Protein chains: 2
Amino acid sequence: MSKESSYHHGNLREALLEAGTKLVEEKGVADVSLRAVAKAAGVSHTAPYRHFSDKNAMLRGIAATGFRLLAQRIEEAVELHPGNPELQLSAAGVAYVELAIEHPRLHNLMFGGVLQDDAVDDSLEERSDQAFKGLVGIIALGQQAGVFRRGDTDELALTAWSLVHGFAMLASTGTLDHRAGGQEAKLALAHRVANHLLSGLAKR
Amino acid sequence: MSKESSYHHGNLREALLEAGTKLVEEKGVADVSLRAVAKAAGVSHTAPYRHFSDKNAMLRGIAATGFRLLAQRIEEAVELHPGNPELQLSAAGVAYVELAIEHPRLHNLMFGGVLQDDAVDDSLEERSDQAFKGLVGIIALGQQAGVFRRGDTDELALTAWSLVHGFAMLASTGTLDHRAGGQEAKLALAHRVANHLLSGLAKR
DNA sequence: GCGCCAATGTTGACAACGTCAACAAATAAG
DNA sequence: CTTATTTGTTGACGTTGTCAACATTGGCGC
């Protein structure tokens, strides 16, 4: 915890993740090199290898911070509406979209398919699975309370997950830009789209 | 059109796109180099520069073949059910998912955010927009026919688009694998998910 | 048929990249 | 204090995308 520069950094792993996250958010995954991250953290170009087995491992580390942030946001959104599954579902979805809009390049790293899982470290899948479990919980609660229709809970959850994931994807890649420019416009759109799912497309 | 090898290839552009598509589908975008594609096409490592300004331009070319394929599949699916917007919508969505499952790495190239548009060549956005227009058409028809609920047509289309896009994403990245293994299982799941959208999550 | 020009392909070079091996410094253990 | 382990550095290697200079070819006007 000494402030003066020394041979040993003391907390390089975190520093690398921080610098890496910043670079990714600035320039996109494709334009970030291991060496650049090392330089940004003030160390030489092979120092990262003492903390990550690979460039991919480092990117996974960066993505993991994003997943943590996502899980946290969703949890907060859910806790805002205790006992109201409909609002919980909506708020969780919006939180998800919000993160994708605020950090599009990080979101791209998380879900763009650049990461290859090394089988050893499947923490990413775990996290994603954990988020899904939370979603299933909301749906199950809603079914019990009688506000969501009956049926395979997992399938309903997957439906909502797909919708949100797809919308976030479109929002973060800019495909929606000439239909809803600003951030608020996109979020409002997200709300309306979520309602369409709740009420269904077909005429009742 | 001469068969014997000559200094001039004659149709190198297509040959590069073909070889490139094959390599991408085999190894994924991240593991395909310009040079490898050139070698696979039987030319030297800078020959591609006579046909593509950039590696990215070449990848865009490969992605474009994917978009053509997608548009074609969707068109076919729609034509299978004339005058029946509900089936059209479902079939188009399934066709979309099908392509993503059959060619996951190509799908990743198309939608994974690796491509950076050079502003000059916005053919990709055009194609994506064209597909969306088709979707809007289906919805509009369904609304006229009274099988889809009234409301902003674009928004309803965007809802369906998001759902399908998200599902395809999850399917092609293997996130669904331990929930629905085989290809048929995924397609069946896609059908059911699509029905959930049509009838909505909320209890009527 | 001839000569030239633009189009197309090749060779060689360069800097940047991911990664590895060998070495150096600093911390921790005894 | 000595020493072993952790952590960081230096230098090197093969690969990559890209550029400049050169070679070959087909098609054009004559």
Side-chain angles (χ1 to χ4, degrees), chain A residues 1-20 22-24 26-63 109 114-118 120-121, chain B residues 1-24 26-63 109 113-118 120-121:
Chain A
M1 215 171 264
S2 66
K3 274 172 190 170
E4 342 107 55
S5 72
S6 62
Y7 193 89
H8 279 40
H9 185 285
N11 198 12
L12 184 54
R13 181 170 219 273
E14 301 308 314
L16 285 170
L17 288 179
E18 200 169 329
K22 192 178 162 205
L23 281 179
V24 165
E26 281 172 359
K27 323 201 299 173
V29 187
D31 291 341
V32 171
S33 66
L34 224 210
R35 295 164 103 109
V37 175
K39 179 170 291 184
V43 291
S44 90
H45 61 271
T46 57
Y49 283 90
R50 301 293 155 187
H51 301 274
F52 303 98
S53 66
D54 217 330
K55 184 189 182 184
N56 240 280
M58 186 174 150
L59 291 180
R60 276 202 306 272
I62 295 174
L109 168 63
V114 192
L115 277 358
Q116 15 206 353
D117 32 356
D118 259 346
V120 181
D121 170 20
Chain B
M1 214 172 262
S2 66
K3 275 170 187 169
E4 341 109 53
S5 72
S6 63
Y7 194 89
H8 278 44
H9 185 285
N11 198 12
L12 184 54
R13 182 170 220 274
E14 301 309 314
L16 286 170
L17 288 179
E18 200 169 329
T21 304
K22 192 179 162 203
L23 283 178
V24 165
E26 279 172 1
K27 323 203 299 173
V29 188
D31 291 342
V32 171
S33 66
L34 223 212
R35 294 164 104 109
V37 175
K39 180 171 289 185
V43 291
S44 89
H45 61 273
T46 56
Y49 283 89
R50 301 293 153 183
H51 300 275
F52 303 98
S53 68
D54 217 325
K55 183 190 183 184
N56 240 278
M58 185 174 150
L59 291 180
R60 276 202 306 272
I62 295 174
L109 168 62
V114 191
L115 278 357
Q116 15 205 355
D117 32 358
D118 260 346
V120 181
D121 170 18

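Below, chain A is the first sequence line, B the second, and so on; all start at residue 1. Bear in mind that the values here come from a model prediction, so they are computed numbers and not experimental data.
Ranked by how close their nearest DNA chain D nucleotide is to the 5' end, B/V32 and A/A47 are led by A/A47.
Among B/R50, B/E18, B/H51, the one residue that satisfies the side chain to side chain contact (heavy atoms under 4.5 Å, CB included) test with B/R13 is B/H51.
With rounding to whole Å, B/F52 atom CZ is found 14 Å from D/dG17 atom P. When rounded to the nearest whole Å, the span between NZ of B/K55 and C1' of D/dT15 equals 11 Å. Computed from coordinates, the B/N11 CG to C/dA7 C1' distance equals 15 Å when rounded to whole Å. Taking atom CZ on B/R13 and atom P on C/dG9, their separation rounds to 12 Å, with Å as the unit. Note: CG (A/D54) to C1' (C/dG18) measures 9 Å, nearest angstrom. Rounded to whole Å, the distance from NZ on B/K39 to C1' on D/dT15 is 11 Å. Spacing between atom CG of A/L34 and atom P of C/dG18 amounts to 5 Å, rounded to whole angstrom units. Look at CG on B/D31: it is 19 Å from P on C/dC17, rounded to the nearest Å.
In this structure, A/H51 reaches the sugar-phosphate backbone alone: every heavy-atom distance under 4.0 Å involves primed, P, OP1 or OP2 atoms, never a base. Residue-level contact check: B/S44 touches the bases, meaning some heavy atom is under 4.0 Å from a base atom.
Checked by distance alone, B/T46 brings a side-chain donor or acceptor within 3.5 Å of a matching partner on the base of C/dT11. With hydrogens and angles left out, the side chain of A/H45 and the base of D/dG8 share no donor-acceptor pair within 3.5 Å.
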side-chain contact (heavy atoms from CB on, under 4.5 Å) between A/K22 and A/E26, intermediate numbers included | CA-CA 6 Å; A/K22 192 178 162 205; A/E26 281 172 359; 3.4 Å; yes

Please report the C-alpha distance between A/L17 and A/F52 in whole Å, then the side-chain angles of each, then the deciding distance to 0.1 Å, and finally whether the side-chain contact (heavy atoms from CB on, under 4.5 Å) criterion is met.
-> CA-CA 10 Å; A/L17 288 179; A/F52 303 98; 3.7 Å; yes

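In terms of heavy atoms, B/A41 sits closest to B/L12 at CB-CD1, 4.3 Å.
Within the structure, every side-chain polar atom (N or O) of A/S33 is placed at least 4.0 Å from both OP1 and OP2 of C/dA16. For A/Y49, a side-chain nitrogen or oxygen approaches OP1 or OP2 of C/dT19 to under 4.0 Å.
With a 4.5 Å cut-off on side-chain heavy atoms, A/V37 and A/M58 count as touching.
Considering only side-chain atoms of B/R35, the nucleotide from D/dT9, D/dG17, C/dG9 that sits closest is D/dG17. Proximity note for A/R50 (side chain, C-beta onward) versus D/dT18, C/dA22, D/dA21: the nearest is C/dA22.
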